[in-house]
Amino acid sequence: MAPRKLHIALLASPGMGHLSPVLLLGRRLVTEHDLLVTIFSVTTDTTVSPVQAELVSTVTRNIHLPIIPIPAADISKVANPNASVITQLNIMMRETVPVIRTAISSMDPRPDVLIFDIFAYASRVIAEEFGMSKFLFVTANAWFTALFTYSPVLDKEVVGQYIDQTGPLEIPGCKPVRPEDVIDPMVDRNDETYGFYLEQAVGATLTDGILINTWEVLEPQSVDALRNNEILRSVVKNKPVYTVGPIIKTGGVKSDVIEWLDKQPEESVTYVSFGSGGTISAKQIEELAWGLELSQQRFIWVVRPPCGHASDGSFFRPGDLDGPGCPTSFFPKGFLSRIQKVGFIVLSWAPQVEILNHKSVGGFLTHCGWNSTLESITSGVPMITWPLYAEQNMNATMLVEELEIAVRPEVLPTKKVVGRDEIEKMVRVLMDSEKGKEMREKAKILKKGAEEAITENGSSYISMCKLIENCWSKIQ
Ligand code: UDP
């Protein structure tokens with residue numbers, strides 16, 4: 001008889017930003033560690049978008065990785081419709097616990113382990129009821145994880161709003177966080193979202209351990225603090241911290257934008273994109289267009305319809321792509337014909353991983369979502385940081401100040417429209433200067449480190465093995 005396999009259930013909150021890393025983690029556990037994995041994907045939508053369908057088909061290709069959709073609970077009677085997206089997501093995941101419980105309890109044999117993302121923390125109780133091990137999967141970085149887990153302490157110690165503090169927020173053993181960089185749920189301590197955030201942070205410490213999508217040499221200081229700093233250790237209740245990244249998509253799709261890239265010189269193109277839902281204002285679209293044109297560098301730009309506030313994502317509002325609100329109608333007059341030879345405009349969605357890995361791409365103007373950041377680093381591509389929401393300000397600061405593989409505008413783009421001259425200058429620095437070259441060299445070194453981390457005997461591979469050992473030890 002074949003030996004029994006460890007069975008892991010992975011739980012993803014709604015949205016590609018959660019499903020994507022959870023699916024990729026599942027694939028790695030199956031292909032590299034020969035485990036039995038079942039994915040539970042909480043979904044608000046009965047229709048599957050083409051992008052999601054493609055991701056699922058790529059991730060599950062040639063392997064057994066069942067994905068069980070869980071319909072999200074209707075929260076119209078319990079949640080204020082005007083509450084923030086994050087608050088609604090938290091309430092939705094809390095209200096969906098009974099459905100997840102039913103789905104897990106009907107499995108035979110029942111999974112041994114439950115791994116969930118931050119928003120699914122309320123499902124911890126299911127693992128406790130069924131005697132399963134339970135782990136949190138942080139799809140952001142270690143520095144964020146340190147701030148996140150330490151937040152209940154900051155909540156007691158800091159008086160007033162975090163963003164109004166005159167000095168940086170100290171996290172034991174880690175680089176301090178500038179008040180202007182604090183993550184979205186910490187911006188207003190009086191908002192309901194902050195209460196949920198603190199609950200999540202406490203929930204993280206009630207697990208059997210924390211997985212982080214990072215690797216040791218990328219964030220030595222924060223990883224060391226989470227594992228060894230006495231104060232942080234006591235905050236995370238001495239739970240093990242597993243660095244298992246980078247967990248990212250691999251490319252392979254051919255498309256017209258890739259064909260265009262095939263014809264461009266090596267490392268000559270800047271890729272511009274604001275993630276799966278980021279949007280910028282109409283005025284900012286105009287300035288960005290001018291800045292790119294004035295830089296006289298080649299570029300690919302994924303454009304979306306504008307929104308009123310730079311920080312507002314388009315997650316729940318896909319916007320108008322070909323009507324009067326079409327994003328290209330916000331370009332300066334004549335822009336499209338003037339940039340014909342050097343620019344490529346993509347509406348709404350581009351094959352990002354394929355683009356970043358293409359030899360013609362030499363820079364990335366990014367909103368600094370953690371997945372985009374990892375995809376850029378693992379392609380050896382330096383960046384211009386343009387953070388919009390979530391923990392992206394911290395990611396941007398880390399890229400500029402610690403890793404030294406990015407430049408940034410003087411003022412955060414959420415605070416002030418970035419002007420064409422500054423954009424032109426940043427693109428030139430990135431693509432056509434000694435500093436740009438140095439950043440590219442550093443990015444390539446980090447890329448190598450990422451590759452090493454996930455090979456057999458690399459730090460992330462070993463970390464995953466330790467996680468699996470921990471799970472087995474609780475069963476035997
Ligand atoms: N993405 C893509 N094409 C696009 C925009 C985004 O493939 O046009 C992918 C990107 O490769 C990344 C994810 O969407 O894997 C965005 O995740 P990230 O964490 O960077 O930002 P979020 O969208 O969650 O803010």
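Heads up: numbering here begins at 1 and tracks the sequence.
Put simply, the side chain of S41 never gets that close to the backbone of A12: no donor and acceptor are under 3.5 Å apart. Proximity of a side-chain donor or acceptor of E219 to a complementary backbone N or O of W215 within less than 3.5 Å is not detected. Remark: side-chain polar atoms of R178 are not paired, donor with acceptor, to backbone N or O of P168 under 3.5 angstrom. Between the side chain of E95 and the backbone N or O of D74 there is no donor-acceptor pair closer than 3.5 Å. Proximity of a side-chain donor or acceptor of K444 to a complementary backbone N or O of G380 within less than 3.5 Å is not detected. With hydrogens and angles disregarded, a donor-acceptor distance shorter than 3.5 Å links the side chain of N90 to the backbone of I86. Remark: side-chain polar atoms of S20 are not paired, donor with acceptor, to backbone N or O of G17 under 3.5 angstrom. In this structure a side-chain-to-backbone donor-acceptor pair under 3.5 Å is missing from Q200 to F119. Remark: side-chain polar atoms of R27 are paired, donor with acceptor, to backbone N or O of R61 under 3.5 angstrom. Using a distance-only test at 3.5 Å, with no hydrogens or angles considered, a donor-acceptor pair links the side chain of W370 to the main chain of N213.
The shortest distance between side-chain heavy atoms of T43 and Q52 does not fall below 4.5 Å. Within the 4.5 Å cutoff, no side-chain heavy atoms of V30 are placed close to those of H64. When side chains are defined from C-beta on, L169 does not count as touching Y150, because their heavy atoms never get closer than 4.5 Å. For the pair N371/Q352, no side-chain contact is recorded, criterion being any heavy-atom separation below 4.5 Å from C-beta on. Contact check for P306 versus Q284: no side-chain heavy atoms found under the 4.5 Å cut-off. Within the 4.5 Å cutoff, side-chain heavy atoms of P413 are placed close to those of P387. Two residues are said to be in side-chain contact when any heavy atoms from C-beta on lie closer than 4.5 Å; R28 and V244 fail this criterion. The shortest side-chain heavy-atom distance between P185 and F196 does not fall under the 4.5 Å cut-off.
Here NE2 of H367 is found 10.5 Å from OG1 of T279. Values are rounded to the nearest 0.5 Å. Once rounded to the nearest 0.5 Å, the distance linking CZ of R101 with OG1 of T96 reads 12.0 Å. Between T414 atom OG1 and E180 atom CD the span is 8.5 Å, to the nearest 0.5 Å. Remark: I100 CD1 to L11 CG distance equals 4.5 Å, nearest 0.5 Å. If you take CG on L356 and CZ on F364, they are separated by 5.0 Å, rounding to the nearest 0.5 Å. Taken to the nearest 0.5 Å, the CG atom of L114 stands 8.5 Å off from the CZ atom of F40.
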Problem set entry | Audit row: H33, Y461, ring pair (Phe, Tyr, Trp, His ring centres under 6.0 Å) steps and yes/no | CA-CA 10 Å; H33 300 273; Y461 183 86; 5.0 Å; yes
Exercise. Could you walk me through whether Q392 and L412 pass the side-chain contact (heavy atoms from CB on, under 4.5 Å) check?
Worked result: CA-CA 11 Å; Q392 293 156 11; L412 284 170; over 6 Å; no
For this session: For L226 and T149, run side-chain contact (heavy atoms from CB on, under 4.5 Å): C-alpha distance rounded to whole Å, both residues' side-chain angles, the deciding distance at 0.1 Å, then the answer.
Result: CA-CA 9 Å; L226 280 163; T149 49; 4.2 Å; yes
Exercise. What's the verdict on side-chain contact (heavy atoms from CB on, under 4.5 Å) for L206 and K134, showing C-alpha distance, side-chain angles and the deciding distance?
Worked result: CA-CA 9 Å; L206 303 175; K134 50 193 185 301; 5.5 Å; no
Exercise. Can you list the steps and then say if K249 with L24 is a side-chain contact (heavy atoms from CB on, under 4.5 Å)?
Worked result: CA-CA 7 Å; K249 286 187 283 190; L24 294 160; 3.8 Å; yes
Problem set entry | Y197 vs F148, ring pair (Phe, Tyr, Trp, His ring centres under 6.0 Å): CA-CA, chis, key distance, verdict | CA-CA 8 Å; Y197 168 75; F148 169 61; 5.7 Å; yes
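The two residues I183 and M394 make their nearest non-hydrogen contact at CG2-SD, 3.8 Å. S13 and M93 make their closest contact through OG-CE, 3.7 Å (heavy atoms, listed as atom of the first residue, atom of the second, distance). Across P246 and T378, no two heavy atoms sit closer than the pair CG-CG2, 3.8 Å. The minimum heavy-atom distance between D34 and K5, with the atom names listed, is OD1-NZ, 3.0 Å. Nearest heavy-atom pair across L288 and I423 is CA-CD1, 3.7 Å. Considering every non-hydrogen atom in both V51 and M16, the closest pair reads CG1-CE, 3.7 Å.
For the residue pair E391 and N141, no side-chain donor N or O sits within less than 3.5 Å of a side-chain acceptor on the partner. Side-chain atoms of T139 and H18 include no donor-acceptor pair closer than 3.5 Å. Side-chain contact of Y121 with E199: a donor-acceptor pair under 3.5 Å is present, judged by distance alone. Side-chain contact, N470 with K474: a donor N or O sits under 3.5 Å from an acceptor N or O. Side-chain polar atoms of T193 and T87 form a donor-acceptor pair below 3.5 angstrom. Under 3.5 Å, the side chains of N395 and T373 contain no donor-acceptor pair of N or O atoms.
A salt bridge links E216 with R227: the distance from a Lys NZ or Arg NE/NH1/NH2 to an Asp or Glu carboxylate oxygen falls below 4.0 Å. Here D112 pairs with R4 in a salt bridge; the nearest charged N to carboxylate O distance falls below 4.0 Å. Salt bridge status for E452 with K448: present, with a side-chain N to carboxylate O gap under 4.0 Å. In summary, E401 and R408 engage in a salt bridge, as defined by a charged side-chain N under 4.0 Å from a carboxylate O.
Annotation: cation-pi geometry satisfied between R189 and Y162 (NZ/CZ under 6.0 angstrom from ring centroid, within 45° of ring axis).
Taking the six-membered ring where the residue is Trp, W386 and F274 present perpendicular rings, their angle passing 60° and hence far from 30°.
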